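Comments concern the structure below.
Since the model is a prediction, treat every value here as computed from it, not as a measurement. Order of the sequence lines fixes the chain letters, A, B, ..., with proteins taken first and strands second; residue numbering starts at 1 for each chain.
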Amino acid sequence: MNAVYDPHAIETQAQEHWNEHDSFRASETDEGDKYYCLGMFPYPSGQLHMGHVRNYTLTDVINRYHRLKGFNVMQPMGWDAFGLPAENAAIKNGIPPASWTKDNIAYMRGQMQRLGFGIDWSREFATCDPEYYRWEQWLFLKLFEKGLVYRKNSVVNWDPVDQTVLANEQVENGRGWRSGAVVERREMAQWFMKITEYAEELREELDQMSGWPESVKSMQRNWIGRSQGVEIDFPINGGTDGQDTLTVFTTRPDTLLGATYVAVAAQHPLALLAAESDSDVSAFVEVCKKATTAEADLATMEKAGIATSATVTHPLTGESLPVWVANFVLMEYGSGAVMSVPGHDQRDWEFARKYDIPIVQVIEPIADEQCDITTAAFVEHGNVINSGEFDGLDFDGAVDAIARALEAKGAGRRVTNYRLRDWGVSRQRYWGCPIPMIHCEACGVVPVPEADLPVVLPTEVKFEGVQSPLVTMDSFLNVDCPSCGKVARRETDTFDTFVESSWYYARFACPDADTLMVDERARIWAPVDFYVGGIEHAILHLLYARFFYKLMRDENLVAGNEPFHKLLMLGMVLQGGKKMSKSSGDAGDPQKLLDRYGADAVRTAVIFAAPPDQSFEWSEAGLEGASRFLRKIWNLVDQFITAGPTPKFDRSKLSDGAQAVRRKAHETLKKADDDFGRRIQFNTVVSGVMELCNEIGKLKIVDDNDRGAIGEAIRIALIAISPIAPHIAHSLWSSLGETEALIDVRWPKVDESALQQTSVKMVVQVNGKVRGNIEVAADADKEHILGVAKAEHNVVKHIDGKEIVKEIVVPNKLVNVVVR
RNA sequence: GCCCAGGUGGUGAAAUUGGUAGACACGCUAGCUUCAGGUGCUAGUGAGCUUCGGCUCGUGGAGGUUCAAGUCCUCUCCUGGGCACCA
C-alpha cells in the first residue's frame, strides 16, 4: 500500500471494484430479507448542494449498514424532474426545459457517483420520462371513473401585467416577482383529487405508525384537523328561494346564545349580493381581491370587515343578527361563513371591539380562572349563563342540549368537519405532466382514452414571454374528440409536481414495467422500510404520498396501507441561518470539497457535523478534521502492516494495555451497532471510532499476542467506519491481507467477555455536589461501596461532624450522601 | 396568527432510562519535529476565585418538583421549518 493517504486514487479503485462486481445491483431473488432505505429524490437544479450530500450520505450509511447485517438491499435514485426552475431557466436563457433538465441530471449523477453512493443505477428514471408519467395519467383516468377526481372553480394568484398565474413563491409583498404588478385573486376551473374522501383513514392510521416521529404525526393530525361540531342554519331575512339560509359550522355550539353577528368571506355569495347594491361593500370586496392566496398572509393581516344591510335570524332566539363581510373568513374552509361570539372567541372579540358590535358573556368559568370580557374573550370551557333554558349546563351538556334543540327545529345537525381540503392538481404551466383531458364544445370534458396514453408533453418548445407554450401550440392543442370525433382542444394545464413525487418510490421496484403502473415486484420492495428526507416535507409531500399509496392499493397494485414504514426527518442544512436555496450562491456546491478532500472526507464531515434530525449551519471547518482523522487511520494501519501480517492471539494472555484496547474495540462495535441500527445517530459512531483509534495509537505493543488483538481492533474500526467512509475502509481492509472484499463482509459479533470489568469508577456526592472519586470491585455490595465512599479524604471533609440523613447508591454510577 | 421543532464553552457537538455537564472534534495558546508547508507529535483550553488541597458559578430567561434536573412540570423570550401553486 501507499504510505501516504491519497483519497482520489483509493476512491477510484474502490468504485471500480464495486462496478466490476455489480455490488449494488438489487435482485428480488438474492438471499436475505429485503431492505429498502430511500432518500427523497432530488430536483435536478444544477448541482448537488450540501443538503443533498447529507440526505444521500445518510441513506447510503443506513443501506451499507444493512448490507453488513446481511439484508438484501435496494438503493435506487431518480429525478423529480418537472418544476418551475426549468421554466425560469428557459425564459431567461432560451434553453428548452427538457434539455436543461437532462444536462443537470447528467452532472448531478456524476457527483453522486463520485461520492461513492451504493446506488443501483439500473433503476434510474426521471419523472419527465413519458414512460413514467403516463402511469399517473392512467391513474388519474381511473380516479375520474371512480368519481375521485372533479373540476371546480378555485382561486389563483393572477398577475395582471404578465397575464399569468403565479405560484405563492413568485408573489413578493403582494406583487408579481417579474412584473411588480399588484397580484389579484382570480377564480379558475381546476382539477381536484378527493383526498378528503381518505381524510379519516389518513388521520386514524397515524396512531399505528410507530416508525414515524411524533412531531410529524402531530403536524399531519393538525393539518387534517378533524373537529366535531354543529352545522347551524341561519335564515336570511328577506332571502330569496335560491339563497334563504346561511349555514355556518362551529365547534362551540354552547356559545350559540352569545352570537351577536355573523361574518362571511369576501367571495361568499351573500357578500357578492350585498356588493351589487352597496358601493362600500363592493369596494371592500375589491380590496379583498388584492391579496395573495397564502394562509399565512391571511392570518397575519389586519382584521377588517364591513357591515352589510343584510340580517339573519338567530335560530333559537329569533333575534336579528347583522351580516358582516370579513377578510379573515376563508371561503375554502367550511361554508365560508362563521357565527361570531365575541365574548368567547378572541378574534371575534377584537373584531367586535373595532366595529362596536355588542359583546355578550354566555360562559362563566368553573374554577378560579380569569374572566373579564371587557378586556379579552374568555375562551375556556365553562358553564352556560345568559342562555335561558340552557343556563347552568356544562360544556358537554350544553353542546348536547343545543344540538338537540337545533335538530328538533331542523335548523342544525351534528357534523364532523375536516380542515383538510381537496387537492387541487391543476397548474397553468408548461413543464409538467399533461392532464389527460379533452374539452369538446359538444361533449364537454372528455377523458383521453386509455389506449391513447401517454399524452406526451412536447419538448421542442420556444418560450415567448412567461406563458406556457402549450397554450399557443396547435399541434398539441388540436385533437379529435374521443366521443363525437369533432375537433376539440386538449387541456393545457399540467399536474402539480407533487403528483410525480407521490408514487416514485413504488416505481423504483419496477422502473421498466410497461404494461402496469407498477408490477408484482412492487409487492416485494414496497413499502419503503426507511424513508429519509427534509423536515420541510413533513406535511404536504408525505400526506400526498400516503394518499397515493392508498389509491394504488385500491387499484390492487401494492400491498399494505402505508408507503413508508419508518421515517427520518432531516434537519436543514442552513446558510446564513436560512434554508439553502439555489439563489444563495455556490457555497453549498460540494464539488470543490470533493476535489480537495475526497469523497470519504466529505461524507465523514457531513455525518460528524450533527445528528441527522438537527439543522445546522454549513461550514467547511469540519472538512479539515475529517480529513485528518482519515489520514490518522491510514497511518495507523500502514504502520501496523509494515510490521508484518496479523498473528493469531490468545485472549487470556494479553497485556493489560492490549486487554483495555480490546475492551474498547468491542464497546465501540456494540455502540456503533446500536447507533446505526436503533438510535440513527451516526456522528457518535465517528467519535467512537476516533476514540478507539486514539487508544490503539497510544498502546505500546509488547508482543505478537498483543499485535493479534490490535489487528482485531483495527478490523473492528474499519468495519464500523465503513458505512460512512467506505472507500478508505475498502482499501485498508484488502491491505490487511483479507481476501474477501469489505463490501461482502458481515458485521462481527461482539465478544461480551471482552466487555467485562473487574473494577468500576464511581463518583461520590455530598448533598448532590461531586466531592470525590472512588474505584471499587464491580461486584461490591452497597455497604462496602458506602464504606469506601465515606472514607475518601475530600468526602470526609464535607460530612465530618454532620448528621447523615440519607445515602443513595446508584450501582456503577455514583454515591450521594445527604447531610444536615 | 396557527401547527411542529430547536436553544449546552470561542465553534460543531456529547451526555441513550432523572445520576460526574462539555466526550469526540474544530479553533486557539505553548513547546517539539520537520522545515517550503493546507505536515506530524506533546501539553493546556467553560467562567471566576484559590492557601494549588480545592471552592463557587454554569446548559436562552423566570419559577417549581427531587437526595439529584441539560433531561420532568408551569410560564416566558429567541431562532428555524410548514401553512395547501417552491421543491
With sugar-phosphate meaning primed atoms plus P, OP1 and OP2, does [X] contact a base, only sugar-phosphate, or nothing at under 4.0 Å between heavy atoms?
X: A:F495; answer: nothing
X: A:Q765; answer: base
X: A:F328; answer: nothing
X: A:K761; answer: nothing
X: A:V764; answer: nothing
X: A:D674; answer: base
X: A:S215; answer: sugar-phosphate
X: A:H537; answer: base
X: A:N683; answer: sugar-phosphate
X: A:A294; answer: sugar-phosphate

Paired nucleotide for [N] [Watson-Crick or G-U wobble; both distances under 3.5 Å]:
N: B:C72; value: B:G64
N: B:G12; value: B:C24
N: B:G80; value: B:C4
N: B:U42; value: B:A30
N: B:U56; value: B:A47

Ignoring hydrogens and angles, does a donor from either the side chain of [X] or the base of [N] sit under 3.5 Å from an acceptor on the other?
X: A:N816; N: B:C67; value: yes
X: A:K806; N: B:U66; value: no
X: A:Q428; N: B:C85; value: yes

Among [options], find the nucleotide with the atom closest to the side chain of [X].
X: A:Q681; options: B:A25, B:G27, B:A14; answer: B:A14
X: A:D496; options: B:C85, B:C24, B:G1; answer: B:C85
X: A:N168; options: B:C85, B:A23, B:G82; answer: B:C85
X: A:R771; options: B:G12, B:C55, B:C83; answer: B:C55
X: A:P611; options: B:A13, B:U16, B:C24; answer: B:A13
X: A:L814; options: B:C85, B:G19, B:A87; answer: B:G19
X: A:E691; options: B:G12, B:A23, B:G82; answer: B:A23
X: A:R628; options: B:G19, B:G81, B:C26; answer: B:C26
X: A:A621; options: B:A84, B:C24, B:C26; answer: B:C26
X: A:A296; options: B:U20, B:C83, B:C41; answer: B:C83

Are side-chain N/O atoms of [X] and [Y] paired as donor and acceptor at under 3.5 Å?
X: A:D496; Y: A:W423; value: yes
X: A:K632; Y: A:N694; value: yes
X: A:Q190; Y: A:Q428; value: yes
X: A:T164; Y: A:Q467; value: no

With nearest nucleotides of RNA chain B determined for A:Q190 and A:R631 from heavy-atom distances, which residue corresponds to the more 5′ nucleotide?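 Per heavy-atom nearest nucleotide, the more 5' residue is A:R631.
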State whether A:E302 and A:K354 are salt-bridged, where the test is any N-O pair (Lys NZ or Arg NE/NH1/NH2 against Asp/Glu carboxylate O) under 4.0 Å.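 Looking at A:E302 and A:K354, the cut-off is met.
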Taking only the [atom1] atom of each, what is the distance from [N] to [M] in whole angstrom?
N: B:C85; M: B:G80; atom1: P; result: 24 Å
N: B:U65; M: B:C73; atom1: C1'; result: 7 Å
N: B:U29; M: B:U34; atom1: P; result: 22 Å
N: B:U66; M: B:C4; atom1: P; result: 30 Å
N: B:C67; M: B:U11; atom1: C1'; result: 36 Å
N: B:A25; M: B:A87; atom1: C1'; result: 34 Å
N: B:G22; M: B:U45; atom1: P; result: 12 Å
N: B:A84; M: B:A14; atom1: P; result: 33 Å

Regarding A:R185 and the six-membered ring of A:W158, is the cationic atom NZ or CZ under 6.0 Å from the ring centre and inside 45° of its axis?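 Not flagged: A:R185 not positioned over aromatic ring of A:W158.
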Chi-based syn or anti call at B:G64, which uses purine or pyrimidine torsion atoms and a 90° bound: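 It is anti.
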Is the side chain of A:Y150 donor-acceptor paired with the backbone N or O of A:W191 at a distance under 3.5 Å, no angle test?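 No, the answer is negative, given that no donor and acceptor are paired below the 3.5 Å cut-off.
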A:M762 side chain near A:L814 side chain, heavy-atom distance below 4.5 Å: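 The answer is no, as the side chains (C-beta and beyond) never meet within the 4.5 Å cut-off.
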